[in-house]
Every structure is written in C-alpha cells, then in structure tokens.
**Student:** 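Sharing a structure below in structure tokens format, with a few things to ask.
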Amino acid sequence: MSDRDVVPGRPIKLLIVDEQPISARILHTLFRQYGYECVVATTAAEALAAIDVHHTEAVVLEWCFRDGSGIGLAARLRERAAAQSRDLVVIALSALDEPDGFRDREQVDDYFVKPMSIALIDRWIRALL
C-alpha cells in the first residue's frame, strides 16, 4: 500500500504534539486520511491537558521542542495514561538520525526520522494496539 492508497482502519484517538503549527496541521490532515481522530497540541502543557481530556490511545510527538523534551513528555504522558488504567503507544519524530536523548529511547515505542511514511507509522501503531 502506498501513501496514496489510504484504507482507513478503525478510528484511533491520536494526540499530535508539534510546536510548529504548520507541521502539526499537516500531520493532522495526513493521519485523518488514515481514519484517526486527531487532537493537536503545540506545547507540553497542552499535550498533558489533552491526554486527560481526550483519552488518546497513541501519541506522535516531536523529539525536541522549546518548552520541553519529547522524551520527558513521553514519560509524563505514559504516567497520565497509566493513572487512568490505559496503555499508550508513543511514537517520536525527529529531523536528526541520533538526537540528544537517543539513549533514553525506552520512553517511546518507536522513533522515525523525518521525512517519514505516514503509512508505515499507521501500520506500526495499529500493530501495537
């Protein structure tokens, strides 16, 4: 299946965390084509609030951003989901092959270097759920 041959599966609630509004909007549009119910956050504070309100099943987040580390945020998002007796799939994105904090990768389920395939991330999230 190519990125052009979108076949949505069951709706999955996805939190997109990217401090760049345009990037977040693009990810939102692409994941909606795959049948995701998307919520966008552009700061760590917005992401933490969204995880509690929207009960998302998966998170796609930028590895690094101005108000925090994606890895640190991933751990806090997992803690919030666990407090609600929920599992959470966490996928990190970065423009760098080996960004700072790469050693702490256990905080995320997988890591993709931009540009990445939405189809591949979709298959990976669905396999983990």
**Student:** Closest heavy-atom contact between V17 and A47?
**Tutor:**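 Heavy atoms only, the tightest pair is CG2-CB, 3.7 Å.
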**Student:** Could you pull out all residues at least two apart from H55 that satisfy side-chain hydrogen bond (donor to acceptor under 3.5 Å, both in side chains)?
**Tutor:**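 Applying side-chain hydrogen bond (donor to acceptor under 3.5 Å, both in side chains) to H55 gives Q84.
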**Student:** Atom CD1 of I12 and atom OH of Y34: how far apart are they, to the nearest 0.5 Å?
**Tutor:**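 Rounded to the nearest 0.5 Å, the CD1-OH separation comes out at 13.0 Å.
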**Student:** Apply side-chain contact (heavy atoms from CB on, under 4.5 Å) to I51 and T56, showing your working.
**Tutor:** CA-CA 6 Å; I51 199 81; T56 55; 2.9 Å; yes
**Student:** Return each pair, listed once, that meets side chain to side chain donor-acceptor pair (under 3.5 Å) where at least one residue sits in residues 21-31; pairs must be two or more places apart or across chains.
**Tutor:**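 Passing the test, one end in residues 21-31: no pairs.
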**Student:** As an exercise, state the distance from CG of L15 to NE2 of H54, rounded to the nearest 0.5 Å.
**Tutor:**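 So the CG of L15 and the NE2 of H54 are separated by 8.5 Å.
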**Student:** Is I22 reachable from V40 through a run of hydrophobic residues whose side-chain heavy atoms are each under 4.5 Å from the next?
**Tutor:**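 Yes: a chain of side-chain contacts under 4.5 Å links V40 to I22.
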**Student:** Looking only at non-hydrogen atoms, find the nearest pair between A58 and L88 and report the distance.
**Tutor:**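 What the structure gives for the nearest pair is N-CD1, 3.8 Å.
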**Student:** Please enumerate all residues that pass side-chain contact (heavy atoms from CB on, under 4.5 Å) together with K114, with sequence neighbours excluded.
**Tutor:**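 D18, E62, L93, M116.
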**Student:** How would you list, by chain and number, every residue that makes a salt bridge (Lys or Arg N to Asp or Glu O under 4.0 Å) with D87, sequence neighbours excluded?
**Tutor:**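 Per chain and number, D87 pairs via salt bridge (Lys or Arg N to Asp or Glu O under 4.0 Å) with no residue.
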**Student:** Going by the rule side-chain contact (heavy atoms from CB on, under 4.5 Å), which residues pair with L128 if we only count those two or more places apart in sequence or in a different chain?
**Tutor:**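 L128 satisfies side-chain contact (heavy atoms from CB on, under 4.5 Å) with V89, D109, W124 only.
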**Student:** About how many Å separate CG of D110 and CG of L120, when rounded to the nearest 0.5 Å?
**Tutor:**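 CG of D110 is found 8.0 Å from CG of L120.
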**Student:** Check whether any side-chain heavy atom of L77 sits under 4.5 Å from a side-chain heavy atom of R80, and report yes or no.
**Tutor:**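 Answer no - side chains too far apart.
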**Student:** Of all heavy-atom pairs between C38 and R32, which one has the smallest distance, and what is that distance?
**Tutor:**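 Shortest heavy-atom contact: SG-CG, 3.8 Å.
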**Student:** Check whether NZ of the Lys or CZ of the Arg R126 lies under 6.0 Å from the centre of the six-membered ring of Y36 and within 45 degrees of that ring's axis.
**Tutor:**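 Flagged: R126 positioned over aromatic ring of Y36.
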**Student:** Hey, are the side chains of L73 and V59 touching, using non-hydrogen atoms and a 4.5 Å cut-off?
**Tutor:**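 Not touching, per the 4.5 Å side-chain cut-off.
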**Student:** Between OG1 of T42 and CD1 of I16, what distance do you get to the nearest 0.5 Å?
**Tutor:**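 Output value for this atom pair is 12.0 Å.
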**Student:** Ignoring hydrogens and geometry, is there a side-chain-to-backbone donor-acceptor pair from R86 to E57 under 3.5 Å?
**Tutor:**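 It does not hold such a pair.
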**Student:** Could I get the full list of ring pair (Phe, Tyr, Trp, His ring centres under 6.0 Å) partners for F112, not counting sequence neighbours?
**Tutor:**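 Per chain and number, F112 pairs via ring pair (Phe, Tyr, Trp, His ring centres under 6.0 Å) with no residue.
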**Student:** Do I118 and L27 have side chains that get closer than 4.5 Å, going by heavy atoms?
**Tutor:**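 A side-chain contact under 4.5 Å exists here.
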